[in-house]
Asker: 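Quick one: structure below, then a few questions.
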Amino acid sequence: MIRKFLIERRSWILLVIVLQLLTLSVAYLDSEIPLESLLYIVFLSTMIFVIFLVVRYHQETRFYKNLEEWEPHLDVTDLVEGHRPFERITRTLLLEQTKRLKEEAAHNRTVLEEEKDYLLSWIHEVKTPLTAMHLMLERLEDETLKTQLTYEWLRIHLLLDQQLHQKRMPSMENDMYVEHVDLKALLFAEIRTLRSWCMQKGIGFDVDLQVSEVLSDAKWLAFILRQLLTNAVKYSEDGDVCVKSYTCGDYTVLEVKDEGRGIDPRDLPRIFDKGFTSTTKHHEDKATGMGLYLAHKAAYALHIRIDVDSRPGTGTTVILTFPQRNAFVQIQGG
């Protein structure tokens with residue numbers, strides 16, 4: 001702060017130095033003026049100016065020191081009062097700007113909430129004709145056409161479901177209910193949803209559940225499994241998707257393993273980033289980069305750890321490690 005103050009007042013300092021030099025130069029040019037007396041005057045005036053600078057430094061920097069230490073946020077109650085005209089101008093401008101920002105932030109929050117409510121309402125409205133469409137597809141006799149249309153219906157259904165959960169994610173803690181979840185029923189319900197897609201691609205499921213019940217939120221756990229199974233089917237062309245559960249010490253572990261194309265090692269650290277798809281298949285239009293991102297966020301809220309092991313050409317294994325029972329006190333407590 002001292003350096004900044006000296007830079008700010010450098011014009012004063014330069015002026016005083018110039019005046020002192022001017023005084024000495026006059027004594028040097030005029031031999032009748034005693035140089036010793038002028039040197040004494042210059043010394044005294046310089047000392048007075050230094051004391052003046054020290055006093056002014058403490059007076060003028062008090063407000064700006066507090067301002068520098070003030071944490072910039074929209075709460076200005078702890079903003080120090082200004083006692084000088086420029087300090088009061090600075091404080092007034094900060095208060096006005098903060099008030100304007102708070103009004104804009106409140107307006108933007110209202111707009112976002114309205115858009116969110118509208119989108120959620122729209123998604124629920126769209127689900128009704130989608131359900132009717134699925135019932136009509138079941139009555140089709142042309143199996144080839146039925147399979148193709150069912151696949152497209154499934155894509156729309158999954159994208160709408162992903163969008164619905166993405167909008168609910170910020171208020172997930174309010175929507176969470178931890179209970180004993182039948183893992184087998186939950187898993188087979190998701191597999192049945194993907195059945196037509198799996199038949200089209202020649203993909204089967206090998207399920208081995210040594211642990212058939214876990215403590216979690218059924219709705220959000222189903223969403224996580226949906227994203228993992230969808231990815232397993234999407235990036236596989238044939239073979240089986242193996243799903244197994246077991247205990248590892250005090251933890252319950254669920255593995256989803258596919259025989260798909262795998263993930264490049266350089267992509268593994270980024271697969272949970274929002275919008276990240278792939279560096280090797282960068283122009284692929286099937287991926288949105290949101291599935292694993294949303295699954296990871298939901299798993300984090302449920303205290304479920306997600307690990308991924310993958311090699312190009314050999315498939316991908318996603319491992320869900322469920323928390324111990326006492327960890328759910330933290331989940332239910334927020």
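Basis for what follows: all heavy atoms, side chains included, without hydrogens, waters or symmetry-related copies.
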Asker: Between Gln227 and Gln162, does any side-chain donor sit less than 3.5 Å from a side-chain acceptor?
Answerer: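 Side chains of Gln227 and Gln162: pair found under 3.5 Å.
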Asker: Between CZ of Phe223 and CG of Leu228, what distance do you get to the nearest 0.5 Å?
Answerer: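 Spacing of CZ (Phe223) from CG (Leu228) equals 10.0 Å.
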Asker: With hydrophobic residues grouped by side-chain heavy-atom distances under 4.5 Å, do Leu209 and Leu186 end up in a single group?
Answerer: yes
Asker: Is a side-chain donor or acceptor of Lys201 paired with a backbone partner of Lys234 at a separation under 3.5 angstrom?
Answerer: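 Yes; judged by distance alone, with no hydrogens or angles, the pair exists.
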Asker: Is there side-chain contact between Ile41 and Thr23, with at least one heavy-atom pair below 4.5 Å?
Answerer: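 No, side chains not in contact.
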Asker: Over 60° means perpendicular and under 30° means parallel, so tell me whether Trp220 and His165 are parallel, tilted or perpendicular.
Answerer: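 Plane angle over 60°, so perpendicular.
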Asker: Only one of Leu120, Leu158, Leu119, Leu294 clears side chain to side chain contact (heavy atoms under 4.5 Å, CB included) with Gln163; which?
Answerer: Leu119
Asker: So does Arg266 get a backbone contact from the side chain of Asp264, meaning a donor-acceptor N/O pair under 3.5 Å?
Answerer: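 Yes, because the side chain of Asp264 sits within donor-acceptor range (under 3.5 Å) of the backbone of Arg266.
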Asker: Are the side chain of Ser245 and the backbone N or O of Val211 linked by a donor-acceptor pair below 3.5 Å?
Answerer: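 Yes; judged by distance alone, with no hydrogens or angles, the pair exists.
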Asker: Which atom names give the shortest non-hydrogen contact between Leu229 and Phe205, and what distance separates them?
Answerer: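 In terms of heavy atoms, the two residues are closest at CD2-CE2, 3.8 Å.
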Asker: Under the side-chain contact (heavy atoms from CB on, under 4.5 Å) rule, what do Glu104 and Arg100 come out as? Steps first, then yes or no, please.
Answerer: CA-CA 6 Å; Glu104 290 179 2; Arg100 191 178 301 113; 3.9 Å; yes
Asker: When you measure from the side chain of Asp161 to the backbone N and O of His157, does any donor-acceptor pair fall under 3.5 Å?
Answerer: no
Asker: Find out whether Leu38 and Val26 are in side-chain contact, i.e. whether some heavy atom of one side chain is under 4.5 Å from a heavy atom of the other.
Answerer: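 Counting from C-beta outward, Leu38 and Val26 never come under 4.5 Å.
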Asker: Check whether any side-chain N or O of Asp238 sits under 3.5 Å from a backbone N or O of Gly202 as a donor-acceptor pair, and report yes or no.
Answerer: no
Asker: Mind checking the OG1-CG spacing from Thr98 to Leu93? Nearest 0.5 Å is all I need.
Answerer: 10.5 Å
Asker: Starting at NZ of Lys127, measure out to CD1 of Ile156 and round the result to the nearest 0.5 Å.
Answerer: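 Atom-to-atom, Lys127:NZ and Ile156:CD1 are 13.5 Å apart.
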Asker: I'd like to check Thr230 versus Trp197 (side-chain heavy atoms, cut-off strictly below 4.5 Å). Are they in contact?
Answerer: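 When only atoms from C-beta onward are counted, Trp197 and Thr230 do touch, with a gap below 4.5 Å.
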Asker: Please output the side-chain donor-acceptor pairs of residues 9-21 that fall under 3.5 Å, not counting sequence neighbours, one pair per line with the distance.
Answerer:
{"residue": "Arg9", "atom": "NE", "partner": "Glu60", "partner atom": "OE1", "Å": "3.3"}
{"residue": "Arg9", "atom": "NH2", "partner": "Glu60", "partner atom": "OE1", "Å": "2.5"}
{"residue": "Arg10", "atom": "NH1", "partner": "Ile7", "partner atom": "O", "Å": "2.5"}
{"residue": "Gln20", "atom": "OE1", "partner": "Ser45", "partner atom": "OG", "Å": "3.4"}
{"residue": "Gln20", "atom": "NE2", "partner": "Val42", "partner atom": "O", "Å": "3.3"}
{"residue": "Gln20", "atom": "NE2", "partner": "Ser45", "partner atom": "OG", "Å": "2.6"}
{"residue": "Gln20", "atom": "NE2", "partner": "Thr46", "partner atom": "OG1", "Å": "3.1"}

Asker: Ignoring hydrogens and angles, write down the donor-acceptor pairs under 3.5 Å from the side chains of residues 133-146, residues two or more places apart or on other chains.
Answerer:
{"residue": "Asp142", "atom": "OD1", "partner": "Thr144", "partner atom": "N", "Å": "3.2"}
{"residue": "Asp142", "atom": "OD1", "partner": "Leu145", "partner atom": "N", "Å": "3.3"}
{"residue": "Lys146", "atom": "NZ", "partner": "Glu138", "partner atom": "O", "Å": "3.4"}

Asker: Is Leu302 close to Met172 at the side-chain level, that is, under 4.5 Å between some pair of heavy atoms?
Answerer: yes
Asker: Test side-chain contact (heavy atoms from CB on, under 4.5 Å) on Phe272 and Val308; report intermediate values, then the result.
Answerer: CA-CA 10 Å; Phe272 296 121; Val308 178; 3.8 Å; yes
Asker: Within a reach of under 6.0 Å around CZ of Arg195, are more than 12 heavy atoms found that belong to other residues, nucleotides or ligands?
Answerer: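 No - once you tally the heavy atoms of other residues, nucleotides and ligands closer than 6.0 Å, there are 12 at most.
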Asker: Would you say that Asp258 contacts Ile203 through its side chain, given a criterion of any heavy-atom pair below 4.5 Å between the two side chains?
Answerer: no
Asker: Between Ser310 and Leu268, what is the shortest heavy-atom contact and its length?
Answerer: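 For Ser310 versus Leu268, the nearest heavy atoms are O-CD1, 4.1 Å.
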Asker: Over all heavy atoms of both residues, which pair between Thr193 and Ala189 is shortest? Give the atoms and the distance, please.
Answerer: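 Answer, listing the atom of Thr193 first, then Ala189: OG1-O, 3.0 Å.
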Asker: Return yes when atom NZ of Lys274 has more than 12 non-hydrogen atoms of other residues, nucleotides or ligands closer than 6.0 Å, and no otherwise.
Answerer: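 No, because the 6.0 Å sphere around NZ of Lys274 holds 12 heavy atoms or fewer from other groups.
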Asker: Using 4.0 Å as the upper bound for N to carboxylate O, is an ion pair formed by Glu96 and Lys99?
Answerer: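 Looking at Lys99 and Glu96, the cut-off is not met.
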Asker: For residues Ile304 and Ser216, report the shortest heavy-atom separation together with the two atoms involved.
Answerer: CD1-OG, 4.1 Å
Asker: According to a hydrophobic-cluster definition based on side-chain heavy atoms being under 4.5 Å apart (Ile, Leu, Val, Met, Phe, Trp, Tyr only), do Phe322 and Tyr251 belong together?
Answerer: no
Asker: Does any non-hydrogen side-chain atom of Asn231 lie less than 4.5 Å from one of Val318?
Answerer: no
Asker: Write down the atom of Gly275, the atom of Met290, and the distance for their closest heavy-atom approach.
Answerer: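 So the two residues come closest at N-SD, 4.1 Å.
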Asker: Taking everything shown except Tyr246 itself, do over 12 heavy atoms lie less than 6.0 Å from its OH?
Answerer: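 Enclosed.
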Asker: Is it true that Val181 and Val207 fall in one hydrophobic cluster, defined by side-chain heavy atoms closer than 4.5 Å?
Answerer: yes
Asker: Check whether any side-chain N or O of Asp217 sits under 3.5 Å from a backbone N or O of Tyr177 as a donor-acceptor pair, and report yes or no.
Answerer: yes
Asker: Can you tell me how far the NE2 atom of His296 sits from the CG atom of Asp273, to the nearest 0.5 Å?
Answerer: 9.5 Å
Asker: Would you check if the side chain of Ser121 reaches a backbone N or O of Asp117 as a donor-acceptor pair within less than 3.5 Å?
Answerer: no
Asker: Quick one: does any side-chain atom of Lys257 pair with a main-chain N or O of Gly315 as donor and acceptor, under 3.5 Å?
Answerer: no
Asker: State yes or no: do Ile123 and Trp153 share one hydrophobic cluster built from I, L, V, M, F, W and Y residues joined by side-chain heavy-atom distances below 4.5 Å, directly or via other members?
Answerer: yes
Asker: Quick check: do Val214 and Leu254 have side-chain heavy atoms less than 4.5 Å from each other?
Answerer: no
Asker: Can you tell me how far apart NZ (Lys116) and CZ (Arg109) are? Round to the nearest 0.5 Å.
Answerer: 13.5 Å
Asker: Report the distance from atom OH of Tyr118 to atom CD of Glu125, rounding to the nearest 0.5 Å.
Answerer: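 It is 10.0 Å, given to the nearest 0.5 Å.
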Asker: Report yes if the side chains of Leu215 and His180 come closer than 4.5 Å at any heavy-atom pair, otherwise no.
Answerer: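 A side-chain contact exists here, since the closest heavy-atom pair is under 4.5 Å.
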Asker: Indicate if Leu164 and Val126 have the same hydrophobic cluster label, given that clusters are the connected sets of ILVMFWY residues with side-chain heavy-atom separations under 4.5 angstrom.
Answerer: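 As far as the 4.5 Å side-chain criterion goes, Val126 and Leu164 are connected within one cluster.
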Asker: What are the two closest heavy atoms between Ile306 and Ala299, and how far apart are they?
Answerer: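 Here Ile306 and Ala299 meet closest at CD1-CB, 3.6 Å.
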Asker: Please lay out, stage by stage, how Arg192 and Phe188 fare under the test side-chain contact (heavy atoms from CB on, under 4.5 Å).
Answerer: CA-CA 6 Å; Arg192 279 195 298 271; Phe188 276 92; 3.9 Å; yes
